[in-house]
Each structure stands twice: as C-alpha cells, then as structure tokens.
Amino acid sequence: MLRPVLLLLIALLFTCSSFAEDNPNTKLALTPAPVKIEMGAGSFTLTGGTSISSDSPDLAPVVKYLKENVLPDAKEQDGGAILISLKDADSNLGDEGYQLDVTPEKITIKALKPAGAFYGVQTLRQLLPADVTTVTGLQKYQIPSLKIWDKPRFVVRGFMLDSGRHIQSVEFIKRTLDRLAYHKVNTFHWHLTEDQGWRIEIKKYPRLTDFGAWRDSNEKNAQGQWKDGKYGGFFTQDEIRDIVKYAADRYINIVPELDMPGHTTAAVASYPWLTCFPRNDFKVRAEWGISDDVLCPGKETTFEFVQNVLLEVMDLFPGKVIHLGGDECPRTRWKTCPSCQARIKSEGLKNEDALQNYFTRRMMKFLEDHGRRMQGWNEIMKGGKLPPEVIVHQWNDSSVAVAAAKDGNDVVDSITTYCYFDYDYRTTPLEKVYKFDPMPAGLNEEQAKHILGGQANLWTEWKPTELSDDQFTWPRMIAMAEVLWSPKEGRSYDEFMSRMEAKHYDRLANLGLGAQGTPKDDIKSYLENPGGGDLGRTVAAWKPSEVSEQFKPIEWDVTKMVNRAGDYVFTFNYDSGAHGLMIRKVTLLRNGEEVSHDEHTGWAGAGQHDTAYTLKLDKPTKGAKYTLQAEARSDGGTDSNGTIYVKQPPRPDRK
C-alpha cells in the first residue's frame, strides 16, 4: 500500500506534467492568460463583412478601434454579429474586466466599463491566426466557441520609457503604445526630463528646449570614434497632445515624469539661477551619472519655476498622476548654500534630507490643489513621513513597499532585480521577470490594498536606437504584462513559454517591432533568442566593501581557473544595487607581476556594456598565484554587487 505522502507526490507530478494539456489556453496561446476559459462546441466564422453593434455611446471608441485594427470593412448595425455591451455584465468584473462569449452564431463582449470591453477586443484579436491582424473582404477565419471571464490582478500595469537620455520618434512611441494595449498594459510612464536632455516644450521657458534639449554628442561612429556635433530633440506640445490622445484611445494613461530636484542639469544649464551657485558655463550633461548641480530649494524663484512648468504639464496630460522623480539627488550644494541653510533654519528642518522632504511636500500640495497626485521614486521617503496622497514608486529598496503601505501610501513596484529592462538578458532573463510579484509579504488585507501594481522600466543610456529599445523590452514585457494581469495561482513558466513558442512570438513579429520596416524574421529571431550567451564559470565577485567612488585597483585570487595557456575572457556582470561599476583596466598578475592587461572602459550596471576583458597567458607557472586586478570605481554610491565569470581557453586536446 502506498503511503499518503508518496501518493501526494505522484499526484503533484501528474498535475505538473498534465497542466498544459488540461489548460485550454495552452492551445489558444492567449497572453496575458485569462482568469477562466471554458471551451464550447463549434466555431464562429469571422469575415470581412461581419457586422458590429453596441448598446452605449460610451463604447464608440472601442467600436472605432475594432473597425480600424481588425475589421476595416465592417458596418455598424443593430443586431450585429459582434455585440459589445455594457449591460448585464458580471458585477465582479470591476472597471477593466470583461466577458467574452463566442458561439457559432454570435460574439458577445460584455463589461461594466469601456476599458473592459476594449480588453475583450484584445483577446478577440488574439483568437485570430497568428499571422492575421486584419480581416477584410471575403477572408474567413474560424473563432472557436468559448466563454472567457477575465479581470486584472493589479490596477497599475505599467511600462516606463526614458526619452531623456535618448529620444524616440512619435511613430515609435505610438507603436509601443499599440503593443502595450495588445497585452492589456494600462500605464505608460514617460520620462521626459534628465541631466542629458529636456524633452517637453514649455512655452513660458523656451530655453529649456532651445538649449536644454541638446548636448554634446556622446555617440560613437562605426570606428569607435566620438562623433562631433550635438545630440537631442524634444516633443512639441502638439505632438504630446497627439500622443496623449492616441494612448487614451487605447485606454492607456500616460504618467509624465519631470525629475526633480536632482537629475536637472538640462534645466540648470538653461536657467542657471535655478541652482545654488549659478555659473555661465553650465552645459547639458553629455556623460551618464549624477551631477551635484541640482535645483535650489532655498530660493522661492525655484518653486515659481517648477509651478509654472507644472501648469503647462497638467494642461498637456489630463491623467491624475504626475511623477516628480525625487531620486539620486546629491545634497552637496545644499550643505554650503546660504539660501538652503536659511530655509532649513526658518522651516525648523533637521537636515538636508528634511529639505528634500520639504520640497516634495510643497510640490505635492501644489499638485493636490490642482486635482492631481504626486508620485515619486522611493528616495522621497527620506527626511520625513509623507502625506498619504503621495504615491511611492519602489525601485532600489525592497523594504519600501511594506513601509509605505503601512504608512498609508499607495505603492507602484519597479524593483531593479525584476523590472529594469535596460539590464541585459543574462542579468534579468525572461524567466526571472515571470517570477516577479509586486505584492510583498508582511501586509494585512487593508495594507495590501495600497499595492497598486508594478511596472517595467527601460532606461536608455545605452539604448540609442529604437530597435535596441524593442530588443530589450520584448519579450520581457509580455511576461511582465501577464504577471500584472493574470492570477498568481496556477501560473507556470513552462506553460507560458509553450504559448509564446506556439503562437505569440509569431503574433508579435507580425505586428512589427523596432524601426519601421524591420523584417519579421529578424524580429522573431531576437524574440526567441534575446541576448545573453554563455559567460563561462564563476571565478569571483565584487561587493560594496571593495568599491570606492574613486578609481582604485581591486584584486581577486583566480589561481584555480588559470591553469593552461591561451586567452582568458573575464566578464564583469552586475547583479544588484542602485549603482554600478565603471572599469577602465583589467590585469592578470602572476605572483604580483603583470602577465597581460586589457585597457578599455566598461560599465557593469544598468545597461551594462563592454564588460568582457581578454587576457593572454603564454605559459602557466606551476605553483604560482594568479590574481585578477581591475581598476574600477562606483558611480554615485558604493552599494554595487556583481559576479565575475571566466571563459577558459580550450584544453590542448580539444578543438
């Protein structure tokens, strides 16, 4: 007789092995996976002439979208074969849930709100063959009979695009919005101002774009030489209004970010009186990293400037939330600024951290007075408790979500280890993204309501092209969308991948990514094989205690791995921390004497690049100690952790 535990193990193994076969979505390959699917008998024949009807004027945008993107020849008429309805929907669907009912005679999409009906249309689109986007004329496609009941797990399902470091075209942003909507993502966080460029037209302060949108080029040509000239650009207010409407038509809310009081070199260079110690030689920052020259919260003119800018921003973006950054703001200038020190004294503030909290509170109150909510990166929690109206955006401190939720603040989670898509696929592979969960442990039911959801972030320091933006976003954004929409229970990475490989890579390639006209085969290739590669074996690691903010040598014993002649490739791979490692020279030492070196600059951090160093050993010396030495420094802080891998030369008896 089998013991109960053994019976349970057998049952679990059977469940895992048969999950894909038992799941109707495995064949349909819908993503994000719906909450519930029931398959029926037969199918509905969808043709170019299939008619559409709706029962509310509020559904006009949804019907318009369906016609433009799926059935361009369809006519609207009473009793249409496709019915989109806001009547008699399940009261538990919420604002974004939907019911999709397909029979041989009719397709019905029901929802409580138009957004839910829109997401039902996205599911209908995915029921078409993978190589079909629109149905016209006499084309016929069979849609299987089924019932779907679906709603999102989280109310914020976001993607952030950094246009500050590298600017993208209006057309690319619209294509990105299309792909996000296809995967039921409802928030586009648009990072519009940075040290390296101011990207939003502000009529009252024209120099922000006349001067602040342009920097000395930090791009290289094909020969590895620095290009001459300026790099930059900005979005006009008309372009922004066009993009905002395009997003709204797809039920995507745009959250604009104007980073402040730090990351403001472009603004300070445009109007030097904004900083503590004005100079006439300020430039828009061309290199990456953090500048000490930030906004001066000691001057009333600074607040007047920010408020005037925000008035124009609020006129452009009708959404409730405005993101004001608040991250990585050095206090260096504030500590010696008479105006800042006077502000600290007059307001009874404890220190410079409290001064930033004062800045945050004033901006929060200004936005609140205009019917908006402030959101900021988790550094805004320093210096004092925040009013509950402020949304905390977690990125580099995993304890923030719990602390903020317990304080009564809403939270959006973009923790670096899962959500930073500028990290390469070796650091953050697709499977790791799929394991992300914005809901932390340690919250009671009421506190958990403050976790609004999560977001993927694409910072573009090292993403100069639209194709590189897409290559780092997709397919990881598909995994993120499913994590934020679908129920946690029952999710399986293997089953998710079976859907991706069966149909969804083809769907996305057919829709198009990257620059306009990128071949479908190229798109499918990078979707199926996204970056990465074998780095070799772990040989060492760096930790915060070894790192300095100035270049200095760091050494590791690599004797066990250096045992034959040939080329050794050492790769520095960033793992965690808010700051990375800048490397300018790596040397192989034997008993303290140089054997060989590789002298080039690499960056092991967000968007890491050029981190592989090739060192040659002509002949190993028995009994010698081999060490690896790197001249390296941190970038703004010493909390970086990383792993060093080595690819050894092949053994003499192997080819």
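Worth knowing before you read on, the calculation uses all heavy atoms, side chains too, and leaves out hydrogens, waters and symmetry mates.
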> Is a side-chain donor or acceptor of R476 paired with a backbone partner of F472 at a separation under 3.5 angstrom?
Replying inline: yes

>> Run N378 and Q394 through side chain to side chain donor-acceptor pair (under 3.5 Å) and show every step you take.
In response: CA-CA 5 Å; N378 53 239; Q394 174 175 272; over 6 Å; no

>> Salt bridge or not between D95 and K113? Use side-chain N to carboxylate O under 4.0 Å.
In response: yes

>> Do the side chains of E368 and R372 get close enough for a salt bridge, i.e. N-O under 4.0 angstrom?
In response: no

> Do E239 and R241 sit within salt-bridge range, that is, some charged N less than 4.0 Å from a carboxylate O?
Replying inline: no

>> If I take atom CG from residue N25 and atom OG1 from residue T31, how far apart are they, to the nearest 0.5 angstrom?
In response: 8.0 Å

>> Assess whether a salt bridge exists between K174 and D178, defined as any Lys/Arg side-chain N lying under 4.0 Å from an Asp/Glu carboxylate O.
In response: no

>> Using a strict threshold of under 4.0 Å (side-chain N to carboxylate O), is an ion pair present between R373 and E389?
In response: no

> Which residue pairs pass the salt bridge (Lys or Arg N to Asp or Glu O under 4.0 Å) test with at least one member in residues 135-161, sequence neighbours excluded?
Replying inline: E96-R157, D101-K147, R153-D437

> What orientation do W485 and Y98 show, parallel under 30°, tilted 30 to 60°, or perpendicular over 60°?
Replying inline: tilted

> Are E171 and R175 within salt-bridge range, i.e. N to O under 4.0 Å?
Replying inline: no

> Would one find more than 12 heavy atoms of other residues, nucleotides or ligands at under 6.0 Å from atom CD of E446?
Replying inline: no

>> If you take the centroid of each ring, where Trp contributes its six-membered ring, are F235 and W190 closer together than 6.0 Å?
In response: yes

> Nearest heavy-atom pair of P475 and L430: which atoms, and what distance?
Replying inline: O-CD1, 3.6 Å

>> I'd like to check the ring pair (Phe, Tyr, Trp, His ring centres under 6.0 Å) partners of Y65; sequence neighbours left out, ordered by chain and number.
In response: F118

>> With side chain to side chain donor-acceptor pair (under 3.5 Å) as the criterion, how do S53 and E76 come out once you've worked through the C-alpha distance, each side chain's angles and the decisive distance to 0.1 Å?
In response: CA-CA 5 Å; S53 62; E76 293 181 63; over 6 Å; no

>> Between W395 and N457, does the side chain to side chain donor-acceptor pair (under 3.5 Å) criterion hold? Intermediate values first, please.
In response: CA-CA 9 Å; W395 75 280; N457 297 334; over 6 Å; no

> What are the two closest heavy atoms between K503 and A130, and how far apart are they?
Replying inline: O-CB, 3.7 Å

> Does K75 offer a backbone N or O that forms a donor-acceptor pair with the side chain of S51 under 3.5 Å?
Replying inline: no

> Does the pair D162/R165 count as a salt bridge with the N-to-O cut at 4.0 Å?
Replying inline: yes

> Say you draw a straight line from OG1 of T473 to CG of L513; how long is it, rounded to the nearest 0.5 Å?
Replying inline: 9.0 Å

>> Would the distance check show the side chain of T427 and the main-chain N or O of Y423 forming a donor-acceptor pair, the cut-off being under 3.5 Å?
In response: no

> So do K184 and P152 actually touch side chain to side chain, heavy atoms under 4.5 Å?
Replying inline: no

> Looking at residues at least two apart in the chain, or sitting in another chain, which of them share a salt bridge (Lys or Arg N to Asp or Glu O under 4.0 Å) with K106?
Replying inline: none

> For the residue pair V35 and W149, what are the closest heavy atoms and their distance?
Replying inline: CB-O, 3.4 Å

> Considering all heavy atoms of both residues, which atom of G97 and which atom of A111 are nearest to each other, and what is their separation?
Replying inline: O-CB, 3.5 Å

> Under a 4.0 Å N-O cut-off, is there an ion pair linking E501 with R499?
Replying inline: no

> Mind checking whether W474 and H504 have ring centres under 6.0 Å apart?
Replying inline: no

>> I'd like to know whether the aromatic ring centres of H323 and W377 sit less than 6.0 Å apart in this structure.
In response: yes

>> Is it the case that the side chain of H191 and the backbone of T193 share a donor-acceptor pair, with hydrogens and angles ignored and the cut-off at 3.5 Å?
In response: yes

>> If you apply the rule side chain to side chain donor-acceptor pair (under 3.5 Å), what do you find for E312 with Q237, and how did you get there?
In response: CA-CA 9 Å; E312 294 194 35; Q237 293 198 357; 2.9 Å; yes

> Can you check whether T428 reaches Y420 side chain to side chain, under 4.5 Å on heavy atoms?
Replying inline: no

>> Given 3.5 Å as the limit, does a donor-acceptor pair link the side chain of Q139 with the main chain of T136, or not?
In response: yes

> Are side-chain heavy atoms of N186 and Y251 found at a separation under 4.5 Å?
Replying inline: no

> Name the one of L86, D78, V63 that satisfies side chain to side chain contact (heavy atoms under 4.5 Å, CB included) with S54?
Replying inline: V63

